[in-house]
Every structure is written in structure tokens, then in C-alpha cells.
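Working notes for the structure below.
Just so it is clear, the values below take in all heavy atoms, side chains as well, and ignore hydrogens, waters and symmetry mates.
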Amino acid sequence: NAIKKISSETVNLYGAGRTDSGVHAKGQVAHFELSNKISLDSIRDGINQHLRPLPIAILDTKEVNDDFHARFSAKLRTYEYLIINRRAPLTFNKHLAWGVFKKININEMKEAALNFVGKHDFNSFRSIDCQATSSIKTIQSCTIEKNEPYIVINVAAKSFLHSQVRIMAGTLVDVGKGKISPINIKKIIESKDRSRAGATAPALGLYLIKVEY
């Protein structure tokens, strides 16, 4: 609707990917085609003007080749999952992070995360609503950083299954709590059984950080 207001054209808007309700995006990418010539700055500023007061902002606008597609041309997607690990309840970050109030072992989580890297059948880590024809995905990296009280899980891959990162995050937190041994992650992957993995972490802690082409 915002694009139509600045261009008087009805367009199809294609995003780099869809996320669950409540998931945040710092680096979402979308593309559309215009018949009329409008400067890139005018497109960015005009869309932002008509998006108010929605919590959406266009950071940058670029002209691309006709064969570019925001979804299908993507080579790598990077997500972060933000956890706040402390006894006190969340305040400012209540809807921006997952509050975990039992102390978790970051070293156990880091050891477990290594098992996700590589090409695997991630059937144990997708939701019942996943419509992908294959559950085989390649995780390029899965790292964990801690800056008290924040714990950030970083995951990068070309594509993901429905709720895959959230289930991975929930499973890693169970490892940190001592409910799952790090060495059992490989067995959970090999089982292809969703019931063996941890709970699905809340959507509010997940961020789409970057899409690379």
C-alpha cells in the first residue's frame, strides 16, 4: 500500500523469507518492480513516510537486475536468538528476548551447537506445520556468545525449515539446563524424531539479521 501511494502502481512485493508471528527482522530484504522511474532516495523516504506509525523502516534501497529475486537469489540467511539469563523478570526487553530464569551452562551449549553444523536431516527440528518437501538442510555456522546476562545464538544457512531455529534454540537451552547432554544432539538429529528435541523457543527472541546474495 505504501508503494502504491508513492508510485500510483500496484506491485507484487516478494520478501526474502517469511517468519512466525512475533519474530523480529533487522535485515529483511524485499523486491518489487516499478514501471515509472523514481529516485532510490524518494522510494526509501516515501515508503517510510507512508508506513508510519508501523514499526517498520526501510533502511536502504537499491536497483537490481531483472533476474534478482529476494527469496530465490539468497545465498545465506543469518538469524540470532536472544536470551536473557537472570533471576529478575524482564522489563524493557520483555517482548524482545526470551527470559530464562534458571542458570544455564554456556559451555555445554557451545559444545552442543557444534553438532548442528553441516548437512543433516533436520526432521527432529521442524514444526508439524512445516510444508517443506525435504527436511535436509545445511547449517553453515552455529555459535553462541555470552555477555552477561545476554546469551546470543547465531545460526546461518541458505534456508531453514519451519520453526527450525526456534526448536534448535529451545533444545540448546535444555542442554544449558542439564536436561539434555551435548553428546545427545547428534543422536536427536539422527533419530529424525521431533519428540526427542526440546521445546520450541518463543518467537519474540528470534531475529532475522542478514540476507546475503
Side-chain angles (χ1 to χ4, degrees), residues 1-82 90-98 122 125-135 137-141 152-169 200-213:
N1 290 335
I3 295 168
K4 186 174 182 178
K5 288 177 181 178
I6 67 167
S7 67
S8 299
E9 295 183 40
T10 299
V11 302
N12 292 318
L13 185 68
Y14 300 94
R18 294 184 299 172
T19 54
D20 298 334
S21 176
V23 174
H24 313 287
K26 293 183 178 181
Q28 177 67 288
V29 177
H31 86 268
F32 58 94
E33 295 184 20
L34 288 181
S35 299
N36 299 322
K37 188 70 175 179
I38 304 176
S39 74
L40 296 179
D41 287 348
S42 295
I43 292 174
R44 179 196 61 210
D45 297 342
I47 294 176
N48 283 335
Q49 178 181 349
H50 292 294
L51 284 174
R52 296 178 181 142
L54 296 173
I56 306 170
I58 308 304
L59 302 180
D60 195 14
T61 312
K62 294 182 179 180
E63 188 172 0
V64 292
N65 296 327
D66 289 340
D67 61 354
F68 176 87
H69 195 287
R71 178 183 176 189
F72 298 116
S73 299
K75 295 181 179 179
L76 194 70
R77 293 170 172 86
T78 300
Y79 281 89
E80 285 184 358
Y81 195 92
L82 178 61
L90 304 191
T91 53
F92 301 115
N93 292 317
K94 186 175 181 180
H95 302 292
L96 301 172
W98 181 16
F122 282 100
F125 294 87
R126 67 167 169 174
S127 77
I128 193 173
D129 298 319
C130 184
Q131 298 178 352
T133 56
S134 172
S135 52
K137 296 292 179 182
T138 300
I139 301 296
Q140 182 164 315
S141 63
V152 180
I153 302 170
N154 302 280
V155 187
K158 183 177 181 180
S159 62
F160 295 90
L161 301 166
H162 189 273
S163 296
Q164 181 180 346
V165 179
R166 291 172 57 195
I167 298 171
M168 289 168 61
T200 305
L204 48 75
L206 184 60
Y207 294 77
L208 173 59
I209 299 298
K210 181 169 59 176
V211 183
E212 298 178 46
Y213 296 92

request  = Say whether, by atom type as modelled, one donor and one acceptor occur between the side chain of R166 and the main chain of A201 under 3.5 angstrom.
outcome  =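 Side chain of R166 to backbone of A201: a pair is present.
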task = Spell out, as yes or no, whether a donor-acceptor pair under 3.5 Å connects the side chain of R77 to the backbone of A157.
result =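 A pair under 3.5 Å: no.
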Answer whether the closest heavy-atom distance between the side chains of [X] and [Y] falls below 4.5 Å.
X	Y	value
H162	D20	yes
K26	Y207	yes
Y79	L206	yes
L34	I3	yes
V64	Y213	no
E9	N36	yes
N154	S141	no
S7	I38	yes

When you look at [atom1] of [X], are more than 12 heavy atoms from neighbouring residues, nucleotides or ligands closer to it than 6.0 Å?
X	atom1	answer
R71	CZ	no
I128	CD1	no
H95	NE2	no
N1	CG	no

inquiry  = Applying side chain to side chain contact (heavy atoms under 4.5 Å, CB included), can you list everything that pairs with E212, at least two apart in sequence or on another chain?
reply    =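 Result, side chain to side chain contact (heavy atoms under 4.5 Å, CB included) vs E212: L76, T78, K210.
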task = Could you pull out all residues at least two apart from N65 that satisfy side chain to side chain contact (heavy atoms under 4.5 Å, CB included)?
result =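 With sequence neighbours excluded, N65 shows a side chain to side chain contact (heavy atoms under 4.5 Å, CB included) to D67, given in chain and number order.
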inquiry  = Looking at every heavy atom in both V211 and A74, which two are closest together, and how far apart are they?
reply    =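 What the structure gives for the nearest pair is CG1-CB, 3.7 Å.
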request  = Specify the closest pair of heavy atoms between T200 and S163, including all atoms of both residues, with the distance to one decimal.
outcome  =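 Looking at all heavy atoms of both residues, the closest pair is CG2-CB, 4.4 Å.
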message = With no hydrogens and no angle check, just 3.5 Å: does a side-chain donor-acceptor pair link K137 and S159?
response =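 Yes, a side-chain donor-acceptor pair sits under 3.5 Å.
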Using 0.5 Å steps for rounding, measure from the [atom1] atom of [X] to the [atom2] atom of [Y].
X	Y	atom1	atom2	value
N12	H31	CG	NE2	8.5 Å
F125	I139	CZ	CD1	10.0 Å
T61	N48	OG1	CG	8.0 Å
S35	K37	OG	NZ	12.5 Å
S39	R44	OG	CZ	8.5 Å
I167	L161	CD1	CG	8.5 Å

query = For F160 and V155, what are the C-alpha separation, side-chain angles and deciding distance, and is it a side chain to side chain contact (heavy atoms under 4.5 Å, CB included)?
reply = CA-CA 10 Å; F160 295 90; V155 187; 3.6 Å; yes
